[in-house]
Trainee: 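To start, I am sharing the structure in question, which I have written as structure tokens.
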Amino acid sequence: MLIKEVLLGFLAGAVVFTIGILLGHFAIDKGSSVPEWIRDASRDVDESIIEKFLAELDTNEIKENLRELTKVPHMATTPGDEATVEFMLKRWNDPKTGLDNAWREDYKVYLSFPDKTNPNKVSVVDPENTVLFTAREREKAYTPDQDDPEVVQPYAAYSPAGNVKGKLVYANQGKMSDYELLNRTLDLRGTIAITRYGGEGRSKKAINAAKFGIVGVLVYTDPYDINDGLVSESETYPHSWYLPPSGVERGSYNIDFGDLLTPYLAAKDDTYRRPKEDITGIPPIPAQPIGFEDAERLICELDGDDAPIEWQGSLKCTYKLGGPGFKPTSLLNNSNVHMDIYNTERLENSANVMGIIRGSVEPDRYVIYGNHRDSWVHGAIDPSSGTAVMLEITRVLGKMLKEGRWRPRRSIIFGSWGAEEFGLIGSAEYTEEYFSKLSERTVAYINVDISVFANATLRASASPAAQSVLFTASKQVNAPGTTTSVYENWIKYFNRTSPNYGVIPNVGFLTGAGSDYAAFMHYLGVTSMDISYYYDRSKTRARIYPAYHTAYDTFDYASTFIDPGFTSHQAVARTAGNVLVRLADSLLLPFNCSDYAESLERYLSQAVTAFEQKLADKGISMESLKKAVQLFRETATKLDSLIRDSDLAKETPLKARRINDQLMLLDRAFLDPLAFPELYGFRHVIWASRSSSVPTFPGLADAVEEAESTDLKEDWDQAHKHLSIVTQAIAGAAHTLGDVI
């Protein structure tokens, strides 16, 4: 009996001792002899590593990266693009500064190109078939690289081929409201419309036009919108950053992102492809972009009434609507505009380049950092400024890795995406194997597409959960040429007043599908952010940097007018790289749920102001939505308190893992695959694209405004449905932040 008691006591003591070792290991002095995995599991982000990383990011390396990336035009699937693929692989497989592994993923994608041997033409032809005017087929070259034979003729990708003619009308920005105004006094059937960039998506300008019987659409960039009104060659590039008269913005004229023939599937060789006739969201009529010097010749010869004041621009005339057609005193009188478009669509091989640094503690958790690689021409700013920054971040991290100075807690995947300019945003298809299958284990996506638009201030859009880590990183980096932090400089240019923090930088929301984050945020629900350096909006009304998507977006343009010392590129590298290391190395993910609650409260306030009374008049209450947002606030506060009050380095690693899962999966909780059946690729009920101007929950806003316009019961039912969808999504997300059931 005594022996039995001794044995039982010994066993009990052994169990207690073992449990004490396993559960109390974090309290042991770190200098004592403990297993390596225990020290690794409790390791938090090392600030000294971040300091060394920031110090090693080199402006000259970024500059030389950009010089190499912009040597030749590298439109998707061209020889220049393939050379860039090989360059990325060489850098990421470098034995001294490379990653753990790098590889390419190849796809066969459906793209649209002009015919090199039969260029698109825009002309004015009189009744006797005499050509009176022909628009430029190529932009004027000011430097040898702009005269490269691989510079693609300006065109509208995915515009159908066709030969159309008609009298010209001016349709402002090609919005439905613009065509409706024209249609009140003009018969638009059989006409050709000239529109300006801005206000409406490229493709929608033509899609809208076709509904009124218009047979073709021209698109140009008005100097008022891009050049602050400057039009003369002596005032524009190469003398300043402004767009020269012959400059033309190329672009993809499609609405949906992803490969158009393989929706929701990876565009591999053997993938099912739907019939081309089933594609939606592309122009049903020919479209073609032209320079503003050619647009001036056409618009300033138009007959008809004066266009509304808000339709006027900076061309040297009063804009008129068209008769349709040209005024009687014009040499172009009684003539038609002819559009001869020879675009072709075909399947081409395109690659994503992937690289990985494997995590030491949580290799099954991924932080993804990406940037698209393809450009319309040389693409110095879009996208190569982002690629140059990414290559410098990977060089420094790779060097630290190879020298044994650092390995992240979590894995980092770097992506150089192909064919983004054609709408294949984020990857050839976001459902391909590396993302859809890993999305539940992906911590965040960092997007640095155009890293530097100009050199005034940081600008970021992000999931609200990521606001705090952006602020932390930006406080540690000095703004170029100053002793002021990027954070303080940011507040000067973009700020808002937070009820919780006071005046802070304004972090935009990731609404719509503007860049490579779209697939990750909107379809996969991965917490995402988009980081760049931007210009001072008080000094220009340019809607984007003026050389955007033109032959003038070259190394010379970037190094002369955008960021001469490459210090803004370095500031972006330091800020984005700092965020990356914190996401990869922090014991607890640096996300803040209370910041998400504040954003939901902002949206709720807007919705209540704009829609509560209108819904109430139809017997629909918003009280359930208010309660859901309040519940989210309460659970977010509790989780933040738990995080604040816990010393996770001294607790079981499973507690940190559980909280990290709650933080990582928060944006996934807002996904509803049935919420937007009419929108391709949008499942996030908070940040989906919206047509409403009210900055609030997109499904609710669009549904209420549609119901207002029709006053049909079925449309008010839809508004009620979307109210329920967003209410239950927020309540569900709140429950994911709570303790276990």
Trainee: Is there a side-chain contact between S42 and L587 (heavy atoms, below 4.5 Å)?
Mentor: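 Of all side-chain heavy-atom pairs linking L587 with S42, none is under 4.5 Å.
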Trainee: By the definition ring pair (Phe, Tyr, Trp, His ring centres under 6.0 Å), identify the one residue from W376, Y107, Y110, W417 that meets it with F422.
Mentor: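 With F422 as partner, W376, Y107, Y110, W417 yield a single ring pair (Phe, Tyr, Trp, His ring centres under 6.0 Å), made by W376.
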Trainee: Between N254 and S252, do the side chains contain a donor N or O and an acceptor N or O under 3.5 Å apart?
Mentor: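 The answer is yes; a qualifying pair exists.
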Trainee: Between D585 and W406, is there a side-chain donor-acceptor contact under 3.5 Å, judged purely by atom types and distance?
Mentor: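 Yes - a donor-acceptor pair under 3.5 Å links their side chains.
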Trainee: Quick one: closest heavy-atom pair of K655 and L642, and the distance?
Mentor: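 Residues K655 and L642, closest heavy atoms: NZ-CD1, 3.9 Å.
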Trainee: Pairing donors with acceptors under 3.5 angstrom, does anything connect the side chains of S360 and R43?
Mentor: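 Result is yes, a qualifying pair exists.
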Trainee: Test Y603 against every option in F670, F697, F632 by the ring pair (Phe, Tyr, Trp, His ring centres under 6.0 Å) rule and name the one that passes.
Mentor: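 For Y603, the ring pair (Phe, Tyr, Trp, His ring centres under 6.0 Å) test succeeds with only one of F670, F697, F632, which is F697.
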Trainee: Is the shortest distance from a Lys or Arg side-chain nitrogen in E421 or R373 to a carboxylate oxygen in the other one below 4.0 Å?
Mentor: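 No, E421 and R373 are not salt-bridged.
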Trainee: Is the shortest distance from a Lys or Arg side-chain nitrogen in R441 or E362 to a carboxylate oxygen in the other one below 4.0 Å?
Mentor: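 Salt bridge absent between R441 and E362.
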Trainee: Anything under 30° is parallel, anything over 60° is perpendicular, the rest tilted; go ahead and classify W92 against F414.
Mentor: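 Rings of W92 and F414: tilted, 30 to 60°.
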Trainee: Mind checking whether Y445 and Y517 have ring centres under 6.0 Å apart?
Mentor: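 No, they do not, as the ring centres are separated by 6.0 Å or more.
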Trainee: Is a side-chain donor-acceptor pair under 3.5 Å present for S641 with R644?
Mentor: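 Yes, a side-chain donor-acceptor pair sits under 3.5 Å.
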Trainee: If you look at every heavy atom in A573 and I393, which pair is closest and at what distance?
Mentor: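 So the two residues come closest at O-CD1, 3.7 Å.
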Trainee: With salt bridge (charged side-chain N to carboxylate O under 4.0 Å, His left out) as the test, would you mind laying out the steps for R657 and D364 before giving the verdict?
Mentor: CA-CA 12 Å; R657 180 82 163 189; D364 62 330; 2.8 Å; yes
Trainee: Out of L631, L625, I725, which one pairs with I730 under the side chain to side chain contact (heavy atoms under 4.5 Å, CB included) rule?
Mentor: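 Filter result, single survivor: L625.
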Trainee: Before you tell me yes or no, could you show the steps for E392 and R91 under salt bridge (charged side-chain N to carboxylate O under 4.0 Å, His left out), namely the whole-Å CA-CA distance, both residues' side-chain angles and the distance that decides it to 0.1 Å?
Mentor: CA-CA 10 Å; E392 177 58 1; R91 289 289 298 271; 5.1 Å; no
Trainee: Taking 4.0 angstrom as the limit, do D46 and K52 come out as a salt bridge?
Mentor: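 No salt bridge links D46 with K52.
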Trainee: List the steps, then state whether side-chain contact (heavy atoms from CB on, under 4.5 Å) holds for L510 with D530.
Mentor: CA-CA 8 Å; L510 290 174; D530 185 54; 4.1 Å; yes
Trainee: So that I know where these two stand, are F591 and Y596 an aromatic pair - ring centroids less than 6.0 Å apart?
Mentor: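 No, they do not, as the ring centres are separated by 6.0 Å or more.
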Trainee: Using distance alone, with no hydrogens and no angle criterion, decide if N65 and R395 have a side-chain donor and acceptor under 3.5 Å apart.
Mentor: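 Distance-only check fails for N65 and R395.
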Trainee: With heavy-atom distances below 4.5 Å as the criterion, would you say the side chains of T271 and D259 are in contact?
Mentor: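 Sidechains of D259 and T271: no contact.
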Trainee: Under a 4.0 Å N-O cut-off, is there an ion pair linking R365 with D661?
Mentor: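 Salt bridge between R365 and D661, a charged N being under 4.0 Å from a carboxylate O: yes.
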